[in-house]
4 protein chains.
Amino acid sequence: MPRHEREQQIIDVAVRVFAKRGYHASSVDEIAELAGISKPMVYLYLDSKEGLFLACLRREAARLVAAFQEAARGAGPAPELRLYAGLSAFFVFVAEHRDSWVVLHRQASELSEAIAAAVAEARRAVMSEVASLIRDGIRESTGDGAIPGADRADGADRGHRAAQLGDEDADFVAHALVGAADSLTDWMERHPGQSPEGITLRLMNMVWVGMRDVLDGKVWLP
Amino acid sequence: MPRHEREQQIIDVAVRVFAKRGYHASSVDEIAELAGISKPMVYLYLDSKEGLFLACLRREAARLVAAFQEAARGAGPAPELRLYAGLSAFFVFVAEHRDSWVVLHRQASELSEAIAAAVAEARRAVMSEVASLIRDGIRESTGDGAIPGADRADGADRGHRAAQLGDEDADFVAHALVGAADSLTDWMERHPGQSPEGITLRLMNMVWVGMRDVLDGKVWLP
Amino acid sequence: MPRHEREQQIIDVAVRVFAKRGYHASSVDEIAELAGISKPMVYLYLDSKEGLFLACLRREAARLVAAFQEAARGAGPAPELRLYAGLSAFFVFVAEHRDSWVVLHRQASELSEAIAAAVAEARRAVMSEVASLIRDGIRESTGDGAIPGADRADGADRGHRAAQLGDEDADFVAHALVGAADSLTDWMERHPGQSPEGITLRLMNMVWVGMRDVLDGKVWLP
Amino acid sequence: MPRHEREQQIIDVAVRVFAKRGYHASSVDEIAELAGISKPMVYLYLDSKEGLFLACLRREAARLVAAFQEAARGAGPAPELRLYAGLSAFFVFVAEHRDSWVVLHRQASELSEAIAAAVAEARRAVMSEVASLIRDGIRESTGDGAIPGADRADGADRGHRAAQLGDEDADFVAHALVGAADSLTDWMERHPGQSPEGITLRLMNMVWVGMRDVLDGKVWLP
DNA sequence: AATGAATGAGACTTCATTCAT
DNA sequence: TATGAATGAAGTCTCATTCAT
């Protein structure tokens, strides 16, 4: 069996096992056995348990980001639609590849420096995709004075606000959004009837509309 | 040293270690050494590694819920103000007790049945506090027709919408909110100038205002 | 509570625990708790776990030997009757003080030098009692030409045989007898209806009569 | 080294160590070291300390029973000759494999349920071999009215007695005999000049002849 | 390319024993 | 006389990792 294929097959199994047991509770023994090969092969191909986990991490992260990007790209030019499509793709991905998500997710602490860095990098990649869309959304929403898909009253000082809302804010919103989406995967698990699209819709309504209102000057104060 | 004091001291150390390394990668040896006592004491007081972790979990969950509840209770009757106060307290707590939060929220999937159950229960307790305030907010906001602190146009079908937005939705919003808050603790770490109250304010603006809009019928659709 | 009484009370408990769990599986903790005192008291009175076990061993061995001797002494001058009485007392003792017997018995290997020596000494004491009675029995049986309680034909060379049958043979028979009795305690446990006296009777018939026959020249050869 | 060979080698060492120290006082560490391998190998091959002990138990019991059976089988049809041969083999075996015998017979009461059961089963197997020969002996001795190798007067009530002497009695005699044999291994140790066959001869004379007498109605009574 | 055999290191846990009061 | 608090040492077991074939 050619090297690359074997490698992928091992990673397939490893993702399942790591997702089920967590990094530390997983044993290379079990992964090798489930992959139908001997342990030395695992070490020959992936170097170490850590290397194996990193490979899993990178592959699944790439897949997730790709799913998000493809969906966003295919959704036309409007940033909010691209965001909607990307988030939808995210929820679809998590629903369909639960193991991948579990491996990417909640393995943050307790791992070696290298792994923690890879996790952080994966999260950063997702975050930057989202932040970019949000930045575009903010710009468009304040630049051309039109947010498609919703009626609203123009605020007089929108240009002013838009200046204030810079990259930092896009990053803030991105963090909130990704965190919310992340946490909602738990909710999704407990509400199997809900479609990924429905969940995305609710989330967009909550966050996007709220954000737009803020841009419009509807500030809430305690 | 009296028994109870020792116990708390051990738990103090254990929370730090578990947060830093995760459950499996933590060793009772290290915890004992950092606590300045011998391993057998740890076992005498907390029974087992699992017992020790459970004790950490319970104490930190209780502390977080208490902080949230106290702040909310002290903020008067308006649900949105209580939510604001509770969230503020949450951010303060997480900022000041990052380890506690990590132990409560970032434990991977590699835990024993008993521990996994306790983790789930702790998370559920936090989530249920938040969901409860949101539920109240939804009810008040639709019941008396007035959301203080923001002007708006009454929608004719607000009662109808309120009926649709039930406990499930409050739970949805709670998940989104807690997830967003969690993720924003990362953002907070990278923006040291920002006060917890400022962060809460932004988050409230984003989520609460958005939620209110939805109640008002301003639905966003792709 | 006076010292001696406490000591006996501790030993009482210890015999029960050692019998139930065996030496190594018994913990001083459990013994102290069952005795209703704290562990340091055990060490104050009995020095160490080994000291505690030795005390148990010596007390129970003394009791068993005393029971044997008393019964034998009270049974009149005939050696065979004294042997019968002693063996009966042995079976009665084992039946009534199972724990004592377990502690004395089957703890031979796996114990420290000192304990092994004490066990050996106890066994030697019993053995010497038995051997002495058997020696007397042989002498009487060959000396006065009459074994009461059974008819037989005199052999012409009985004096000669008796000379051959010396102390070594008495010791041989004693070993066989004690071993048989020892093993029969297992049998007794599985046949609760059988009285100690009945068991002794069977054993005497088997061994004593056989021995007498040998003295009479009825040699079995393959 | 091939797997099976290693296993036997480990068991060889383990029997020695268990015999010397007893189950609890033996450490897997020591066994591994004496076997010249590392601890993980022991666990790989025998699963656990308990598994290791069970393996020892089974192998040694099988060996002893085989030695007994082979000798008995090779000694012709007469039960007493078969018993003689079997007992001889037993003494030879114990003399040559003292450790095996200690593992089989001198394990204290501190063993786990599973081990205790296996020990009991092993003892039962040995005991049942002996009892079976004795039963045959009783039957033949009462059935055809002739016990070869010894003259005697026929008793009128032999059939009656034989009815009374059932399996229970064979078991009683077996216990006495095995116990005596066991104890005589100590005697044997202190009298190195004595051959196993000589010891067996004395024992047979004592027990077999006595038993036959009882069958003949020569009852001893106190 | 592939593996059966092997291990160093370290994990959790328990226990006999002692100190300070 | 009595004990709550504390520990050094050791035991069973698992795992990531490598060597010889």
Side-chain angles (χ1 to χ4, degrees), chain A residues 1-3 5-6 23-33 36-53, chain B residues 1-3 5-7 23-33 35-53, chain C residues 1-3 6 23-33 35-53, chain D residues 1-7 23-33 35-52:
Chain A
M1 185 177 295
R3 171 163 190 142
E5 196 173 338
R6 258 285 145 88
Y23 179 76
H24 276 95
S26 301
S27 84
V28 177
D29 252 322
E30 180 179 2
I31 292 169
E33 190 174 3
I37 58 170
S38 69
K39 241 184 320 181
M41 292 306 305
V42 176
Y43 280 87
L44 182 62
Y45 284 138
L46 279 315
D47 277 342
S48 66
K49 187 185 185 183
E50 186 172 314
L52 176 53
F53 188 74
Chain B
M1 185 177 296
R3 176 169 182 139
E5 197 173 335
R6 258 285 142 86
E7 224 173 82
Y23 181 76
H24 271 93
S26 301
S27 88
V28 178
D29 252 323
E30 180 180 3
I31 292 170
E33 190 172 4
I37 58 170
S38 70
K39 237 186 319 180
M41 287 272 72
V42 177
Y43 282 88
L44 183 60
Y45 287 141
L46 280 314
D47 277 342
S48 65
K49 190 184 184 183
E50 187 171 312
L52 176 53
F53 187 76
Chain C
M1 185 176 295
R3 172 164 188 142
R6 257 286 143 85
Y23 180 77
H24 276 94
S26 301
S27 84
V28 177
D29 252 322
E30 180 179 3
I31 292 169
E33 192 174 2
I37 58 170
S38 69
K39 241 185 318 182
M41 292 305 306
V42 177
Y43 282 86
L44 184 62
Y45 285 138
L46 280 313
D47 277 342
S48 66
K49 188 184 183 183
E50 185 172 314
L52 176 53
F53 188 74
Chain D
M1 184 176 296
R3 178 171 182 134
H4 185 72
E5 196 174 336
R6 258 285 141 85
E7 225 173 80
Y23 180 76
H24 271 94
S26 300
S27 89
V28 178
D29 254 322
E30 181 180 2
I31 292 170
E33 192 172 1
I37 58 168
S38 69
K39 234 185 324 180
M41 286 275 76
V42 177
Y43 282 89
L44 182 60
Y45 287 139
L46 280 315
D47 277 341
S48 66
K49 189 184 182 182
E50 187 170 312
L52 175 53

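Fair warning: this is a prediction, and the values are worked out from it, not measured in the lab. Reminder, nothing fancy here: chain letters follow the sequence lines and each chain counts from 1.
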> Rounded to the Å, how far apart are Glu33(D) CD and dG8(E) C1'?
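Roughly 14 Å, once rounded to whole Å.
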> In the 5'-to-3' direction, what one-character label does each nucleotide of nucleotides 16-21 of chain E receive under the scheme B = base within less than 4.0 Å of a protein heavy atom, S = sugar-phosphate only, - = no such atom?
SBBB--
> Just to be sure I understand: a Watson-Crick pair is purine N1 to pyrimidine N3 plus N6-O4 or O6-N4, both under 3.5 Å. Using that and G-U wobbles, which stems of three or more pairs involve DNA chain E?
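Looking at DNA chain E, the stems formed by three or more consecutive pairs are E:2-21 with F:2-21.
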> Could you state the CG-P distance from Leu52(B) to dC12(E), rounded to the nearest angstrom?
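Distance check: Leu52(B) CG to dC12(E) P gives 10 Å.
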> Over how many whole Å does the gap from Tyr45(D) atom OH to dT12(F) atom C1' extend?
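That distance rounds to 20 Å.
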> Can you tell me how far P of dT14(F) sits from CD of Glu30(A), to the nearest Å?
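Checked: the CD to P distance equals 14 Å.
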> Go through the structure and list residues passing salt bridge (Lys or Arg N to Asp or Glu O under 4.0 Å) with Glu33(C), not counting sequence neighbours.
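Listed in chain order: nothing, the list is empty.
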> Atom CD of Glu5(B) and atom P of dG4(F): how far apart are they, to the nearest Å?
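Checked: the CD to P distance equals 18 Å.
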> Indicate every side-chain donor-acceptor pair of residues 38-52 of chain D with a distance under 3.5 Å to a residue at least two apart or in another chain.
| from | atom 1 | to | atom 2 | distance (Å) |
| --- | --- | --- | --- | --- |
| Ser48(D) | OG | Glu50(D) | N | 3.4 |
| Ser48(D) | OG | Gly51(D) | N | 3.0 |
| Lys49(D) | NZ | Tyr23(D) | O | 3.0 |
| Lys49(D) | NZ | Ser26(D) | O | 2.8 |
| Glu50(D) | OE1 | Ser112(D) | OG | 3.2 |

> Please report the distance, rounded to the nearest Å, between CD1 in Ile37(C) and P in dG4(F).
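Atom CD1 in Ile37(C) sits about 12 Å away from atom P in dG4(F).
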> Closest-nucleotide mapping onto DNA chain F: is Pro2(B) or Arg3(C) further toward the 5' terminus? I mean the 5' end.
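Its nucleotide being nearer the 5' end, the pick is Arg3(C).
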> Taking OP1 and OP2 of dA6(E), is either one under 4.0 Å from a side-chain nitrogen or oxygen of Arg6(D)?
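Checking dA6(E) against Arg6(D), a side-chain N or O does come within under 4.0 Å of OP1 or OP2.
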> Can you measure Ile31(A) atom CD1 to dA16(F) atom C1' for me and round it to whole angstrom units?
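So the CD1-C1' distance, Ile31(A) to dA16(F), works out to 11 Å.
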> Between dT14(F) atom P and Leu46(D) atom CG, what is the distance in whole Å?
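Taking atom P of dT14(F) as the reference, CG of Leu46(D) is at 13 Å.
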